[in-house]
Protein chains: 2
Amino acid sequence: MPKQTNTKQKIIDAAIDLIAKNGYKGASVRKIAAEVGIRESAIYNHFKNKEEILKVIVSQIFATPFETHDIEERAKKGKSFLHQFAVAYKLVSFDRKMEKLFRVLMIELFQNGQLRESFLQELHQKEIQQLSKAFFVMMQEGLIRSADPMFMAQEFLSPLFYIRLQVSLLRIDSKSTAPIAAHFEKHVDFFWESIAL
Amino acid sequence: MPKQTNTKQKIIDAAIDLIAKNGYKGASVRKIAAEVGIRESAIYNHFKNKEEILKVIVSQIFATPFETHDIEERAKKGKSFLHQFAVAYKLVSFDRKMEKLFRVLMIELFQNGQLRESFLQELHQKEIQQLSKAFFVMMQEGLIRSADPMFMAQEFLSPLFYIRLQVSLLRIDSKSTAPIAAHFEKHVDFFWESIAL
DNA sequence: ACCGCATATGAACAAGTGATCATATGACTT
DNA sequence: AAGTCATATGATCACTTGTTCATATGCGGT
């Protein structure tokens, strides 16, 4: 037998690929095994069952990639904080691995209650809370007009999400994302002009 | 045999229900037939195969429900046009049938190239074009600040889409949508304040 | 050299899949 | 009453699904 070639990771990667293409139900254990180069029964030496594979993948989706420290301090910089946030969001949107995980998320979101819970609580809520903290600081500093910080956070975040969705859809069909790549930064410009005093 | 009870429509409705819950692959011909109250073989008297059912459903998704006439004229009213648009969007978001179709769309969007094409071209592009026409008029009328109308349309539309997504997710788990129901109108207020001169 | 342990295989399973076909049923028209 | 036609059934098909199990293989430590 081959030595430590970390089959487990290969299985996860193959599963991500297949689920991102065909969904959880479309990614059969046999197809995953075939892509790794082993038989389906060998999979069960690494995972109790198919669902365990999904769980590992899901946990990767919510492994927070965003900087969460010093929000209050960094927020004082106003627009450049928003710019930083948007650029980080852009990077994640274009990262190959993260993009696949995003597809898995979108595909399974409506069919997996656990995933839904995590998306709303861990991902959405966390990002909103961070952003609303930042907007609150900006209001105190007199940088922006005053409004409900939480609502403002949603208004700022949702266009970023929508652009990410478009990027993901275009990339599946190998279409060019050039026309909307600049949208992330453009959104910051537009939004800042919308709230700056 | 029972007379004209329109089994075909029953099949479509059952299929929408099941696909909205379990995805296309999770909605087996047998399950659809069971929900209608017939055997699976009877389905094939009404549809050539399973995919034909999906095609009919997909066509319903893109049956445009939004008013498309008199955009230029109605746009002159400024904020109240945007309000109208948002409220129409809200109604569609909460309509039971449209909500199910939205779920079908989201579930299959990443797995069905035809659906992707239609979504980007027929739905997204159409809405953006209408809105950008409206914003262009508003700029000419001196109601709002000047900017790229197309981009402004996206900025206006994406939060509405995101709210719709949240509504749909909350409703699956029978959670209350009360906290975000007012977001549609709130978005119009916020956005108008962002662009009004 | 031996053993154990992790990992592989191939066969088998029960269940479910989409689809087909001969056959039956019953509401219409004639 | 007879015949037609749309629609139903039940059996059956070839195939795929997730999972299990007995068995094999070979690397690392003794």
Side-chain angles (χ1 to χ4, degrees), chain A residues 1-60 103-104 107-108 110-115, chain B residues 1-60 103-104 107-108 110-115:
Chain A
M1 294 292 122
K3 39 182 264 179
Q4 184 74 353
T5 36
N6 214 349
T7 309
K8 189 159 185 169
Q9 190 56 48
K10 280 189 191 170
I11 293 171
I12 293 170
D13 290 340
I16 291 174
D17 268 340
L18 284 168
I19 296 176
K21 270 186 208 130
N22 313 313
Y24 178 67
K25 276 163 192 150
S28 74
V29 178
R30 274 167 183 81
K31 281 180 194 160
I32 295 171
E35 199 154 291
V36 175
I38 56 178
R39 304 288 156 247
E40 66 268 20
S41 46
I43 297 266
Y44 292 87
N45 285 320
H46 302 274
F47 296 92
K48 186 171 135 257
N49 51 36
K50 192 187 169 185
E51 223 196 319
E52 287 296 314
I53 304 177
L54 182 61
K55 277 188 188 166
V56 173
I57 294 173
V58 167
S59 76
Q60 289 191 16
R103 276 189 229 172
V104 174
I107 291 175
E108 297 305 315
F110 285 84
Q111 300 174 68
N112 186 324
Q114 174 63 45
L115 200 58
Chain B
M1 295 295 119
K3 37 184 263 180
Q4 184 76 351
T5 36
N6 213 348
T7 309
K8 189 158 185 169
Q9 190 55 48
K10 280 189 191 170
I11 293 171
I12 293 171
D13 291 339
I16 291 175
D17 268 339
L18 284 168
I19 296 177
K21 271 186 205 129
N22 313 314
Y24 178 69
K25 277 163 193 149
S28 74
V29 178
R30 275 167 184 80
K31 282 180 192 161
I32 295 171
E35 200 154 290
V36 175
I38 55 177
R39 304 288 156 248
E40 66 268 20
S41 46
I43 297 268
Y44 292 89
N45 284 321
H46 302 275
F47 296 93
K48 187 172 135 256
N49 52 35
K50 192 187 168 186
E51 223 196 320
E52 287 297 314
I53 304 178
L54 181 62
K55 276 188 189 167
V56 173
I57 295 173
V58 167
S59 76
Q60 290 191 15
R103 277 189 229 172
V104 174
I107 290 175
E108 297 304 316
F110 285 84
Q111 300 175 67
N112 186 323
Q114 173 63 44
L115 199 58

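In this text, all values refer to a predicted model and were calculated from it rather than measured experimentally. Just so it is clear: chains get the letters A, B, ... in the order the sequence lines come, proteins before strands, and each one is counted from 1.
- If you measure from atom CG of A/Asn45 to atom C1' of D/dC21, you get 12 Å, rounded to the nearest angstrom.
- As judged by a 4.0 angstrom heavy-atom cut-off over every strand, B/Ser41 is placed among the base-contacting residues.
- A straight line from CD1 of A/Ile43 to C1' of D/dT17 spans 14 Å, rounded to a whole angstrom.
- Contact annotation: B/His46 reaches the phosphate of D/dA8 (side-chain N/O to OP1 or OP2, under 4.0 Å).
- A/Lys25 places its NZ atom 14 Å from the P atom of C/dG16, with the value rounded to the nearest Å.
- Counting to the nearest Å, the P atom of C/dT9 and the OH atom of A/Tyr44 are 15 Å from each other.
- At least one side-chain nitrogen or oxygen of A/Thr7 sits closer than 4.0 Å to the OP1 or OP2 atom of C/dA8.
- Residue B/Lys48 contributes atom NZ, which lies 9 Å from atom P of C/dA19 at whole-angstrom precision.
- Of all non-hydrogen atoms in B/Ala42 and B/Ile38, the two that sit nearest each other are CB-CD1, 3.8 Å.
- Nearest approach of A/Arg103 to A/Ala20, heavy atoms of both residues: CD-O, 3.9 Å.
- Computed from coordinates, the A/Arg39 CZ to D/dG18 P distance equals 16 Å when rounded to whole Å.
- Considering CG of B/Asn45 and NZ of B/Lys8, their distance stands at 11.0 Å, rounded to 0.5 Å.
- One interatomic measurement links the two molecules: CD1 of A/Ile38 to C1' of C/dG10, which rounds to 14 Å at whole-angstrom precision.
- At whole-Å resolution of the value, CD in B/Glu40 and C1' in D/dC13 are 13 Å apart.
- B/Arg30 contributes a side-chain N or O that forms a donor-acceptor pair with the base of C/dG18 under 3.5 Å.
- A/Glu52 has its side chain within reach of A/Asn49: a pair of non-hydrogen atoms, C-beta onward, lies under 4.5 Å apart.
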